[in-house]
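Protein chains get the first letters and strands the later ones, always in sequence-line order, with residue 1 at the start of each.
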2 protein chains.
Amino acid sequence: MPSHALGFAAHDHSSCVKSALGTALDACAERGVQMTPVRKRALEILLENHSAMGAYDVLVRLDAEGLGSKPPVAYRALSFLVEQGFVHRIERLNAFIACAHPGDKHDPAFMICRTCGTVAEAQISSATLGASAAQSGFQIEQTVIEAQGLCPACQPEGTA
Amino acid sequence: MPSHALGFAAHDHSSCVKSALGTALDACAERGVQMTPVRKRALEILLENHSAMGAYDVLVRLDAEGLGSKPPVAYRALSFLVEQGFVHRIERLNAFIACAHPGDKHDPAFMICRTCGTVAEAQISSATLGASAAQSGFQIEQTVIEAQGLCPACQPEGTA
DNA sequence: CGCTTTCCGTTATGTTATAACATACACCGC
DNA sequence: GCGGTGTATGTTATAACATAACGGAAAGCG
């Protein structure tokens, strides 16, 4: 069971699932979009698993609960969740992960451990990127920032 | 024909191909690695095309020249070129692009136009990312920084 | 009721990527 | 030359990721 994805630190897991789910539900009501059973369950699966999961991994779980067995079911639900900002897509892994702090829409940044695969969402401002873009006249709409390396737990002793 | 990928600015194309190829050849000699025909041609294809290409796009070109028709041929050549820093992989596009300034190994950053698909390599320091990582004890080995948006040419009039 | 919108179910296929195994060739010490 | 070693290539097969396209169900509304 994954246990240390959020900033590589231990935390109260069952409560964070409920809280994130509540935030998502509220946001849906506010925005007038529907949190359907498939979408809700997909989000719960990602929240419970608490690590990056491939679309097909999510699909297997949905299928086991009778919520759909074909790829489009998973991709549609995940697309919705990403659009709403409840889930982020990790390009490097072709995978998805529940947002560590939903509610405010934001461009996420991630740290991905190459040994254990744990993914932590970082708080970061892409100011430097913005400056570079402005210089060339490029208008940024979205950013993908993903660092790879070793998480504290996977570093050789005495290196952290 | 792609024409404005390097910083979204026009430039002397045929000379930059030769120069980049020369730099790569020198680097291989210096590092004691082999720039074989397939690898060299794959690099040339990317340099000539001067925009992001999928592995299979490269493969089609290689195949047309009798240099190999099966996926692993392209993927091996591209892996080598990426390892050596002559080519970068664009995660967001599942594609590859020749490095805009080979010779010095570096973590690249990209600006990707969602309209025309043009990709520009940016000069950027990932200092902010490093700071955030250090705080959590994460040891960065590599970074992926990719911004999406509109290049100058694709922006509505008067917006740039 | 008829119409529209949104979501879901399914078929089929497209796209990207790699595992695994076999072959070729250069280099080197003997 | 011969055999070992290392690197690169050739090939088969398949894994893994993703979407187009179409039909049907359910909700909201005039």
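Side-chain proximity of A:Arg76 to the nucleotides C:dA20, C:dC7, C:dT10 is greatest for C:dT10. Closest approach to the A:Ala55 side chain among D:dA8, C:dG9, D:dA18 is made by D:dA18 (side chain taken as heavy atoms from C-beta onward). In the set C:dT10, C:dA17, D:dT11, C:dT10 carries the atom at the smallest distance from any side-chain atom of A:Lys70. Taking the side chain of B:Pro72 as heavy atoms from C-beta on, and the options D:dT9, C:dA19, C:dA17, the nearest nucleotide is C:dA19.
When the P atom of C:dT16 is taken as reference, atom CD of B:Glu91 falls 13 Å away, rounded to whole Å. Between the P atom of C:dC8 and the CG atom of A:Leu78 lies a distance of 12 Å, rounded to the nearest Å. To the nearest angstrom, P of D:dA18 lies 11 Å from CG of A:Leu93. A:Asp57 has its CG atom 10 Å from the P atom of D:dA16, to the nearest Å. A straight line from CG of A:Leu59 to P of C:dC8 spans 14 Å, rounded to a whole angstrom. B:Met35 has its CE atom 16 Å from the C1' atom of D:dT9, to the nearest Å. Distance A:Met53 CE to D:dC17 C1': 15 Å, rounded to the nearest Å. What separates CD of A:Glu83 from C1' of C:dT6 is a distance of 13 Å, to the nearest Å.
Summarising the geometry of A:Ala100 relative to A:Glu121, their closest heavy-atom pair is N-OE1, 2.9 Å, with the distance given to 0.1 Å. Minimum heavy-atom separation, A:Phe86 to A:Cys28: CE1-SG, 3.8 Å. For the residue pair B:Val58 and B:Ile45, the shortest heavy atom distance occurs at O-CD1, 4.2 Å.
Position along DNA chain D of the nearest nucleotide to A:Arg89 versus B:Ser69 favours B:Ser69 as the more 5'-ward residue.
Contact check, B:Arg41 against D:dT9: no side-chain N or O comes under 4.0 Å of OP1 or OP2. The phosphate of D:dT7 has neither OP1 nor OP2 within less than 4.0 Å of any side-chain N or O from B:Thr36. Considering only side-chain N and O atoms, A:Tyr75 lies under 4.0 angstrom from the phosphate OP1 or OP2 of D:dA18. The phosphate of D:dA16 has neither OP1 nor OP2 within less than 4.0 Å of any side-chain N or O from A:Asn94. Taking only side-chain nitrogens and oxygens, B:Arg39 comes nearer than 4.0 Å to OP1 or OP2 of D:dA8.
In this structure, A:Tyr56 packs face-to-face on the six-membered ring of D:dC17, meeting both the 5.5 Å centre cutoff and the 30° plane limit.
The existence of a salt bridge linking B:Glu146 and B:Arg89 is excluded, since no basic side-chain nitrogen approaches an acidic carboxylate oxygen closer than 4.0 Å.
Residues B:Ile90 and B:Met53 fall into different hydrophobic clusters, defined by Ile, Leu, Val, Met, Phe, Trp and Tyr side chains chained together at heavy-atom separations under 4.5 Å.
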